[in-house]
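All values reported here derive from a predicted model rather than from experimental measurement. In what follows, every chain begins at residue 1, and chains take the letters A, B, ... in the order their sequences are listed.
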4 protein chains.
Amino acid sequence: MPPSSTFNNLPSDKQERILDEALSEFAAKGYARASLNRLVSRLGIAKGSIFKYFRDKPGLFSQVFDFSVERVKRHLRRVREDTKGQDVFTRLEISLLAGLEMIAANPRLFQFYLRVMFEGDVPFRGRLLASIRLFSHDYIMDLLTDGVADGQLRADLDLEMAALVVDATLERFLIASVMEHMDTGLCLKDADAAHAAQLAAGLVDTLRRGLGAES
Amino acid sequence: MPPSSTFNNLPSDKQERILDEALSEFAAKGYARASLNRLVSRLGIAKGSIFKYFRDKPGLFSQVFDFSVERVKRHLRRVREDTKGQDVFTRLEISLLAGLEMIAANPRLFQFYLRVMFEGDVPFRGRLLASIRLFSHDYIMDLLTDGVADGQLRADLDLEMAALVVDATLERFLIASVMEHMDTGLCLKDADAAHAAQLAAGLVDTLRRGLGAES
Amino acid sequence: MPPSSTFNNLPSDKQERILDEALSEFAAKGYARASLNRLVSRLGIAKGSIFKYFRDKPGLFSQVFDFSVERVKRHLRRVREDTKGQDVFTRLEISLLAGLEMIAANPRLFQFYLRVMFEGDVPFRGRLLASIRLFSHDYIMDLLTDGVADGQLRADLDLEMAALVVDATLERFLIASVMEHMDTGLCLKDADAAHAAQLAAGLVDTLRRGLGAES
Amino acid sequence: MPPSSTFNNLPSDKQERILDEALSEFAAKGYARASLNRLVSRLGIAKGSIFKYFRDKPGLFSQVFDFSVERVKRHLRRVREDTKGQDVFTRLEISLLAGLEMIAANPRLFQFYLRVMFEGDVPFRGRLLASIRLFSHDYIMDLLTDGVADGQLRADLDLEMAALVVDATLERFLIASVMEHMDTGLCLKDADAAHAAQLAAGLVDTLRRGLGAES
DNA sequence: TATGAATGAGGCTTCATTCAT
DNA sequence: CATGAATGAAGCCTCATTCAT
């Protein structure tokens, strides 16, 4: 369900402001407890407009999700471009650190993601989680393919399997790094960032030992 | 805040039924979205009764938490008793498997726990999480102390530190094992149980290498 | 509606405690908002008992009223006895001061009285107010009759009329003295007591000039 | 706390009808026992609307108070204008009679005021009473100032003190005149109105003797 | 007789959604 | 197109009263 043309015709900064404020609301309260009343009053727009734009609360939610995930994807795709040609494990490590930075810089996004995962009655839940996993898988698959082409990975590697391992490892790392700090509101503090970087390096090293070419 | 004497004077099967049904509601909907209306109508009791028993929605929640956690504790304490005298790492592995079995047998409990962790405005959140962590810490500390007495652990081991490592490792394992199956409603399927057991063995082996006595 | 025999058979200190605590509740919350739940829980008795004793919330209220007013009447009757033989205006002044003291000592009583006057749906309201006024009238009538017999009052005085005037004057004085202090919770402070006494003297003096014998 | 813009945008006759019906409810039942359910069903509007308009029960109450007091103030200010140039004591007497008439014409208003004074847990009680007292003080002060300018009052008069005396006297008179008729529902009957006017004249005469210029 | 568990009506409040202007 | 007033279901909670034990 795309947003209504009414919404698409809005000046794009207003579009962003609406989606951004909605992200804040969903991240703070989860899907069900998020209040469109609060949202429109913070935005200073009419309540009816939200329904014109997105038809529904589920519609808004879905849109916010796509918008937010797209922000992350854009950033990661750039990382992938910028590191083209480098060693595959270095690229993995840089990607992982980028993820950590994004979480630190904008915890709402990860909070939102966790809500989608753990709240029960979120609309489109299956679709949303699958969409994330798909991107994640493709992203890693890309890196690995490059790595094989450059001879940095064992030639006999089952790429699908390897992607699964890497994906799971990285995601679990991110979640774990967040979980240790749930008490303080899901926000990584600076001190921890350094520590996290060190851990990330170790993690990637482990992967290299498992998947890297022998030499 | 103990439950009111009104509740304590109830026949204990009714007590259990109420707490159990409430656990289901909280596990399914989280704190805020759990509906006391739904609960009482499922229980077939009057709305007022719940408030006589627990005073509050937070009061009910707190009680359900204590009740549920106590069930887990009782079970684990028995595991600890039953394995007394065995090798410390074997005991850790058995405990871990017991945890996995409990999750498989009664996913509501773990779901409830995750809700407490990830939902924002849960009452007593800090206290509740701390209470779990404390038990977890004490439980492992006990095993390790026995292990040191029996010479199964390095004599120079910093027990507090070791307990922290083991605790974190085990908890993360449980959470991870659940997260892989969130899509299907937080329930481990049989096939996965076998796989999980294998992983658990590997995990414990790693710990043995790190903490075990040299011989 | 007298209290049930069940209540009359109670040890009289328990009777008093129940009525006294009920007075507190009614004085603090008014009739409608007074909570029998709170009352029984403060008393530590079963909820059913209240209904056995007094049948109803109105029944309890009526009983509390009679009990409380009786306390005042007893006190004032004693004042009347103790001052027998003294000058009638002195007796009026002493009575007035006694009223002020009672208000200062136990504001709940007067608060309760004001609630009966100003709250809308109080049961038996008419009867209760009439009962107070009747006592008040008879009390003053008694003093005046003595005063006439002793030649302290003009012989041609219309006693009924005079009683009315005195009654209204005194009651208004009490209410006024309380109203000035409503903000502070209906309680006369010590400093004001002195002031009030002075005013009372002036008031009685005025009455003497209007009603007294010429000499 | 002003009423929400939602309310201000309503056609003003609807605004008045809502506030007026709410005044009736509060006057009849007091704050705590006033029922918004009853109110909305009498008004024939949806329950949610009241909360959009006033946010709260306290919010509605506060608004009703301001609205009602404003009506009184408007009327009294007009009296003050219309009598400009007349003798200060005449103006006081007219004002007092105007107050009596308003009470007779619309007893709900005074009943409401008494509820605020005597009910315990009324929100904003302090602020509301103070607001009345302030107006009252300023009103009288105005009359007295004019009186001094015109040489109708003793030149050496302490205006603040005199205002206090007049204010207290008039207010007490109003309350007393109402209290005598509480049994019949706070409504002055016609017969009493005549009597009250006579008393008012006497009262003002007393003030003149105390405060007036000597000649 | 005393108890206290059960009841359900009614209280205030929030919310997503609709629709006339 | 935007607005925002109206709606009413559903939420939590309190209370007086009843009745089986």
Side-chain angles (χ1 to χ4, degrees), chain A residues 4-7 9-10 29 32-41 44-60, chain B residues 4-11 14 32-40 43-60, chain C residues 4-7 9-10 29 32-41 44-60, chain D residues 4-11 14 32-40 43-60:
Chain A
S4 81
S5 69
T6 313
F7 181 71
N9 292 341
L10 250 43
K29 302 284 179 179
R33 297 237 302 156
S35 158
L36 300 193
N37 281 355
R38 250 194 318 262
L39 176 61
V40 296
S41 103
I45 68 176
K47 201 176 331 184
S49 297
I50 287 288
F51 290 86
K52 272 276 183 290
Y53 299 156
F54 306 104
R55 171 182 196 86
D56 250 339
K57 194 183 189 186
L60 169 62
Chain B
S4 83
S5 69
T6 308
F7 181 72
N8 284 326
N9 292 345
L10 251 43
K14 186 168 184 182
R33 293 241 305 156
S35 156
L36 300 193
N37 279 356
R38 226 177 0 238
L39 177 60
V40 296
L43 284 169
I45 67 176
K47 206 190 307 198
S49 295
I50 283 290
F51 294 91
K52 271 269 177 290
Y53 299 156
F54 305 103
R55 173 180 196 87
D56 252 341
K57 194 185 189 185
L60 169 62
Chain C
S4 81
S5 68
T6 314
F7 180 70
N9 292 341
L10 251 42
K29 303 284 178 179
R33 296 236 303 156
S35 157
L36 301 193
N37 280 355
R38 254 194 315 262
L39 176 60
V40 297
S41 102
I45 68 175
K47 200 177 330 186
S49 296
I50 286 288
F51 290 86
K52 273 275 185 288
Y53 298 156
F54 305 103
R55 170 179 197 86
D56 251 340
K57 194 185 189 184
L60 168 62
Chain D
S4 82
S5 69
T6 307
F7 181 72
N8 283 327
N9 292 344
L10 251 44
K14 186 168 184 184
R33 293 243 303 156
S35 157
L36 300 193
N37 278 356
R38 227 178 359 239
L39 176 60
V40 296
L43 285 169
I45 66 175
K47 208 189 306 197
S49 295
I50 284 289
F51 293 89
K52 271 270 177 290
Y53 300 156
F54 307 104
R55 171 182 196 88
D56 251 342
K57 194 185 189 185
L60 168 62

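- The separation between C:Leu39 atom CG and F:dT14 atom P is 17 Å, rounded to whole Å.
- Between D:Thr6 and F:dG4 there is no side-chain polar atom (N or O) within less than 4.0 angstrom of OP1 or OP2.
- Across all strands shown, B:Ser35 has heavy atoms under 4.0 Å from sugar-phosphate atoms exclusively, and none from any base.
- Distance CD1/A:Ile45 to OH/A:Tyr53: 5.5 Å, rounded to 0.5 Å.
- Distance C:Arg55 CZ to F:dA16 P: 17 Å, rounded to the nearest Å.
- Counting any heavy atom pair closer than 4.0 Å across all strands shown, D:Asn9 reaches sugar-phosphate atoms only and no base atom.
- Map C:Gly48 and A:Ala32 each onto its nearest nucleotide of DNA chain E; the residue landing nearer the 5' end is C:Gly48.
- Of all non-hydrogen atoms in C:Arg38 and C:Ser35, the two that sit nearest each other are N-OG, 3.0 Å.
- Judged by closest nucleotide on DNA chain F, D:Phe7 is the one of C:Pro58 and D:Phe7 placed further toward the 5' end.
- At the heavy-atom level, B:Ala34 lies under 4.0 Å from the strands shown only through sugar-phosphate atoms.
- Checking F:dT17, E:dT7, F:dG11 against every side-chain atom of C:Phe51, the shortest atom distance belongs to F:dT17.
- OP1 and OP2 of F:dA10 both lie 4.0 Å or more from every side-chain N or O belonging to B:Asn37.
- Residue order along DNA chain E, read from the 5' end via each residue's closest nucleotide, puts C:Gly44 first among A:Lys52 and C:Gly44.
- Comparing atom distances between the C:Lys47 side chain and each of E:dT17, F:dA2, F:dA16 picks out F:dA16 as nearest.
- OP1 or OP2 of E:dT3 sits under 4.0 Å from a side-chain N or O of C:Ser49.
- When every heavy atom of D:Leu36 is checked against every heavy atom of D:Phe51, the shortest pair comes out as CD1-CZ, 3.6 Å.
- Separating the CG atom of D:Asn8 from the P atom of F:dA5 is a distance of 10 Å, rounded to the nearest angstrom.
- Counting only Watson-Crick or G-U wobble pairs whose defining distances are both under 3.5 Å, the stems of 3 or more consecutive pairs in DNA chain F are E:2-21 with F:2-21.
- Taking each heavy atom of B:Lys57 and B:Arg33 in turn, the nearest pair found is NZ-N, 4.5 Å.
- Spacing between atom CG of A:Asp56 and atom C1' of E:dT17 amounts to 9 Å, rounded to whole angstrom units.
- Backbone-only engagement by A:Lys57 is indicated by non-hydrogen atom pairs under 4.0 Å involving sugar-phosphate atoms exclusively.
- Put simply, CG on B:Leu36 is 12 Å from P on F:dT14, counting in whole angstrom units.
- Note on A:Tyr53: only backbone sugar-phosphate atoms sit closer than 4.0 angstrom, heavy atoms only; bases stay farther off.
- We find the CZ-CG distance between D:Phe7 and D:Asn9 to be 10.5 Å, quoted to the nearest 0.5 Å.
- In this structure, A:Arg38 atom CZ and E:dT13 atom C1' are separated by 14 Å, rounded to whole Å.
- Remark: side-chain polar atoms of B:Ser5 are not paired, donor with acceptor, to backbone N or O of B:Asn8 under 3.5 angstrom.
- Across all strands shown, A:Ile50 has no heavy atoms under 4.0 Å from either base or sugar-phosphate atoms.
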**Message:** Applying side chain to side chain contact (heavy atoms under 4.5 Å, CB included) to D:Lys47 and D:Asn37, what does each step give before you reach the verdict?
**Reply:** CA-CA 7 Å; D:Lys47 208 189 306 197; D:Asn37 278 356; 3.1 Å; yes
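- Rounding to the nearest 0.5 angstrom, the gap separating the CD1 atom in B:Ile50 from the CG atom in B:Leu60 is 5.5 Å.
- E:dT13 atom C1' lies 16 Å from atom CZ of D:Phe54, rounded to whole Å.
- Using a 4.0 Å heavy-atom distance criterion, B:Leu60 is classed as making no nucleic acid contact.
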